[in-house]
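A quick write-up on the structure given underneath.
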Amino acid sequence: MRRGSTRRPPPDHPHPPFLDGARVRPQTTWGSWLPSPERVPRAGSPSGPSGARVARRVPTTTLGRVARSNDEVAALFQEYADLILITGGDPFKARAYEKAARAIGGHHAEVRDLDLKGLQKIPGVGKSIAEKVLEYFRGGSVSAVEEVRAKIPAGVRQLTMIPTLGPRKAMTLYEELHISSIDELVDAIHQERLRDLKGFGPRTEEKILHGIGLMQAAGDRVLVDVAMDLAEELVSELSHVRGCLRCVYAGSLRRLRETIGDIDILVAARDSEPVMRAFTSLPQITEVTAHGDTKTSVRTTRGLAVDLRVLPPDAWGAGLLYFTGSRAHNIRIREIAVHQGLRLSEYGLFDVDSGDLIVSETEEDVYSRLGLPWIPPALREDRGEVEAGLRGELPELVTEEDIRGDLHTHTDLTDGLAPLEEMVAAAEQRGYSYFAVTDHAPNLYMQRMTEERMLEQRRQLHELDRRHRGRGGSGRMRLLHGTELNIDPDGELDWPDDVLAGFDLCVASVHSHFNQDRAALTRRLVRACENPYVNVIGHPTTRVIGKRPGLDADLDAVFAACARTGTALEINSHPDRLDLGDEAILRARRYGVKFVVNSDAHSALHLAHLRFGVGTAQRGWLTSEDVINTWPYARLRRFLRKGRAERSAA
DNA sequence: GCCGTTTTCGGCCCGACTGTTTTCAGTCG
């Protein structure tokens with residue numbers, strides 16, 4: 001990632017610094033963005049908007065990229081797998097489709113470009129599934145999927161998105177009570193109509209309502225990667241419109257919040273009409289909800305709302321500042337303007353008395369005239385950034401370019417998709433100086449890890465490391481052999497100390513028993529920190545955004561233990577997790593804890609998730625000094641060793 | 001439906017937890 005020397009984006013940079021055009025992942029989110037037939041794109045279908053999108057390919061640019069055909073196919077097979085389970089079909093068949101969906105989603109080549117043989121080389125894809133992929137790209141649909149779709153309303157699959165409600169219960173609700181939407185389910189529970197169903201009791205009702213509550217608390221928001229994918233597509237397409245001088249996304253997406261309510265896109269143009277026209281005719285747009293000279297609002301095929309605003313080029317900076325927000329940040333800087341006899345709007349900074357425009361062209365101009373340095377979007381939450389800016393004490397935020405390596409990744413030895421060599425090659429391509437492979441350990445029984453398998457992986461990894469070192473030069477990448485240990489309910493780990501001592505680094509994470517009481521959970525995490533071989537606490541709260549709240553542990557006690565023992569806290573970059581989140585990071589950094597931004601990649605493509613972890617780290621005000629995987633290799637190794645030596649002696 | 005140093009059939013991630021049951025089904029990781 002060390003592509004450039006810029007420590008900070010230019011003040012009016014059209015994109016966040018971590019916009020590298022890399023693929024993120026198949027669509028996954030919750031709430032309003034639930035599976036429904038129209039949301040699974042159908043290739044080549046002349047009637048469907050998504051089909052049109054597929055037919056009308058737009059060249060990928062450095063600014064963004066179109067959705068991969070792999071994601072469409074992955075979504076289709078995942079839907080098929082769900083429907084098989086709901087209809088009581090062969091669970092092994094469903095699993096086969098699930099596995100194929102994951103493998104296709106994580107496959108490096110576009111499945112659209114593969115023939116039968118090429119498709120069958122993807123692990124988990126045999127003749128039958130390969131033929132369905134071809135059928136999909138030939139005719140825009142797969143007959144087997146259409147058949148099962150015809151039997152089950154899309155809403156029944158929606159029901160399975162509710163935590164604790166699986167395919168069997170969803171089907172029972174549909175068959176017995178004809179329930180096929182979340183609203184109908186809520187009504188039925190309130191009417192106590194579930195009471196007569198076999199397998200449903202009062203606790204079930206309670207849990208379902210709680211699950212729905214979790215989803216609704218997330219509101220109509222989507223995960224950041226889903227919004228980012230769409231925003232990058234739209235920006236890429238609008239950037240090609242004649243008369244479009246600049247085009248960026250703003251709003252909470254530019255601030256890299258973990259969930260996004262709607263997408264704001266800004267265009268600088270002298271004449272708004274051609275841009276508006278091009279926008280409303282984009283294939284991703286299903287409905288125009290408002291249409292004017294400066295603003296157009298639409299709904300997209302993915303259910304997300306998008307606002308496009310066209311600004312005169314000389315008002316760009318003020319407009320970008322205004323539409324990036326947050327609202328609270330804008331209020332703070334407008335107050336500063338008022339105190340100086342100025343008025344700030346999306347059109348510029350004006351003198352209140354004369355009404356004269358003072359500045360508006362760049363964000364930096366506006367901030368500067370108010371006596372502030374340019375404030376990175378990730379900080380604009382009114383969490384003290386304005387005061388820090390006035391004092392000249394804004395942090396020099398960590399950037400994706402600062403990251404020298406990824407310290408939490410998986411291979412197909414456990415639940416990853418890609419073999420060791422492929423992961424290492426992908427890491428090298430990202431320009432890393434070091435890279436750790438951290439497959440699961442034996443206590444996650446489903447992963448079937450054994451000491452023998454682990455040692456064999458270590459042997460292969462050392463061999464690869466020798467090969468990389470042999471190349472010499474500055475491009476060489478060092479490989480670290482690590483593991484992701486499971487912290488059991490007592491805080492114990494998978495392997496005895498003598499085995500742990502053989503690893504270059506150990507990540508330790510909670511994977512089960514989330515409902516222990518607060519004291520037990522706290523003790524459990526603190527014990528893991530105190531283990532001399534544990535270098536990193538992985539996804540520390542174990543939350544899944546919109547689905548599972550974080551552990552009810554005394555996080556302050558855990559942060560203090562991390563600081564005391566030299567254990568780093570992970571910022572897990574997976575968009576479902578982003579764990580620690582920004583607020584917890586802000587708390588943790590006060591203890592002097594070190595952090596590590598990891599992808600937790602289960603395929604080579606997932607390595608690119610790191611951008612979201614870096615965004616979260618920025619929102620937590622972290623500098624590269626705070627983040628151990630920005631450090632040079634030798635310093636990192638000292639951190640990993642030093643902790644052990646000190647704690648072993650203690 | 002996939003796959004194979006357990007290979008063309010017969011397994012497939014396996015155990016725990018929860019709530020509803022009274023011996024187990026469903027869900028989850």
Side-chain angles (χ1 to χ4, degrees), chain A residues 73 76-78 80-104 116 119-133 135 142 144-145 148 159-173 175-176 194-211 214 410 412-417 439-450 452-453 456 484-490 494 509-516 538-539 542-544 547-549 551 572 574 576-577 579 600 602:
Chain A
V73 177
L76 185 75
F77 287 154
Q78 181 59 55
Y80 189 43
D82 290 345
L83 293 176
I84 290 169
L85 288 174
I86 290 168
T87 53
D90 178 6
F92 293 113
K93 181 171 159 183
R95 194 168 299 161
Y97 276 98
E98 247 168 37
K99 204 176 155 205
R102 283 206 308 138
I104 288 170
L116 194 69
L119 288 165
Q120 285 186 256
K121 281 188 187 140
I122 302 172
V125 176
K127 186 153 174 286
S128 171
I129 291 183
E131 280 171 349
K132 287 188 176 68
V133 175
E135 181 190 352
V142 174
V145 181
V148 67
L159 299 180
T160 67
M161 301 293 145
I162 301 168
T164 73
L165 189 61
R168 304 304 306 146
K169 281 199 165 77
M171 193 58 179
T172 302
L173 290 168
E175 283 183 331
E176 301 291 325
L194 269 57
R195 297 284 167 91
D196 302 331
L197 291 182
K198 189 170 155 61
F200 288 76
R203 280 291 291 156
T204 311
E205 291 180 353
E206 217 172 278
K207 287 203 149 193
I208 289 174
L209 287 177
H210 181 247
L214 274 178
H410 297 272
D412 61 1
L413 184 62
T414 56
D415 58 351
L417 293 166
D439 270 312
H440 290 289
N443 285 1
L444 284 191
Y445 302 105
M446 57 190 175
Q447 307 296 353
R448 298 168 145 187
M449 179 57 102
T450 61
E452 293 69 37
R453 284 155 66 86
E456 172 56 21
E484 184 184 10
L485 302 163
N486 182 53
I487 307 173
D488 83 4
D490 298 323
D494 308 53
S509 320
V510 168
H511 296 102
S512 61
H513 303 85
F514 308 117
N515 295 328
Q516 286 179 302
H539 43 77
T542 78
R543 73 163 176 177
V544 177
K547 288 191 177 145
R548 187 171 70 209
L551 295 176
N572 187 295
H574 197 289
D576 280 325
R577 293 188 183 272
D579 182 14
D600 195 2
H602 285 67

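Below, read A as the first sequence line, B as the second, and so on, with proteins coming before strands; counting in each chain starts at 1.
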A/His511 atom NE2 is separated from B/dC17 atom P, nearest whole Å, by 17 Å

### Query
With a distance cut-off below 6.0 Å to the six-membered ring centre and an angular limit of 45° from the axis, does A/Arg195 pair with A/Phe200 as a cation-pi contact?
no

In whole angstroms, the gap separating P of B/dG15 from CG of A/Leu444 amounts to 13 Å

message: Under a 3.5 Å threshold, yes or no: a donor from one side chain and an acceptor from the other, between A/His440 and A/Asn486?
response: no

For B/dC28, the nucleotide meeting Watson-Crick or G-U wobble distances (both under 3.5 Å) is B/dG15

Exercise. Give a yes or no on whether a salt bridge exists between A/Glu98 and A/Arg95, defined as a side-chain N under 4.0 angstrom from a carboxylate O.
Key: no

From CG of A/Asp90 across to P of B/dC2 the rounded distance in Å is 12 Å

- request: With P as the reference atom in both, quote the distance from B/dA25 to B/dT20 in angstrom, rounded to an integer.
  value: 16 Å

*Relative to each other, are the rings of A/His539 and A/His511 parallel, tilted or perpendicular (30° and 60° limits)?*
perpendicular

Residue pair A/Lys99/A/Pro163 against DNA chain B: nearer the 5' end by closest nucleotide is A/Lys99

Requested in this report: Pick the P atom in B/dG4 and in B/dG15, then give their distance to the nearest Å.
Outcome: 23 Å

Item to complete: Can you tell me, in whole Å, how much space there is between the P of B/dT18 and that of B/dT5?
Response: 39 Å

From the list A/Leu83, A/Ile129, A/Leu85, side-chain contact (heavy atoms from CB on, under 4.5 Å) with A/Tyr97 holds only for A/Ile129

Among B/dA16, B/dG1, B/dT27, the one nearest any side-chain atom of A/Phe92 is B/dG1

Given the C1' atoms of B/dC12 and B/dT8, what is the spacing between them in whole Å?
-> 16 Å

So CG of A/Asp579 and OG1 of A/Thr542: to nearest 0.5 Å the spacing works out to 7.0 Å

Between CD1 of A/Ile122 and P of B/dC3 the distance, given in whole Å, is 11 Å

A/Gln120 CD to B/dG4 P, in whole Å, measures 12 Å

Quick note, A/His513 side chain, CB onward, closest among B/dG1, B/dC17, B/dC13 is B/dC17

How far, in whole Å, is B/dG26 from B/dT21 if one measures between their P atoms? 12 Å

*asked:* Can you tell me if A/Lys132 touches the phosphate of B/dG1, counting only side-chain N or O atoms and a distance under 4.0 Å to OP1 or OP2?
replied: yes

* Start with the C-alpha distance between A/Glu456 and A/Arg453, add both sets of side-chain angles, then the distance that settles salt bridge (charged side-chain N to carboxylate O under 4.0 Å, His left out), and finish with yes or no. => CA-CA 5 Å; A/Glu456 172 56 21; A/Arg453 284 155 66 86; over 6 Å; no

Contact class for A/Tyr80 (heavy atom, under 4.0 Å): base, sugar-phosphate, or nothing? nothing

Protein-proximity profile, nucleotides 19-25 of chain B, B/S/- by nucleotide at the 4.0 Å heavy-atom cutoff, equals SSS----

When rounded to whole Å, the CG to P distance for the pair A/Leu413 and B/dC13 reads 15 Å

> At under 4.0 Å, does any side-chain N or O of A/Arg548 touch on OP1 or OP2 of B/dC28?
Replying inline: no

*Determine the Euclidean distance between corresponding P atoms of B/dC14 and B/dT6; express it in Å to zero decimal places.*
16 Å

ask   = What distance, rounded to whole Å, do you find between the two P atoms, one in B/dA16 and one in B/dG11?
value = 23 Å

Considering only heavy side-chain atoms of A/Ser128, the closest of B/dG26, B/dC2, B/dC12 is B/dC2

Rounding to 0.5 Å, atoms CD (A/Glu484) and CG (A/Asp415) come to a distance of 8.0 Å

Rounded to whole Å, the CG-P distance (A/Asp490 to B/dA16) equals 14 Å

**Message:** Between B/dT22 and B/dT7, how many Å separate the two P atoms, rounded to a whole number?
**Reply:** 44 Å

Is any side-chain N of the basic residue among A/Glu176 and A/Lys198 closer than 4.0 Å to the acidic one's carboxylate O?
no

A/Asp415 CG to B/dC12 P, in whole Å, measures 18 Å

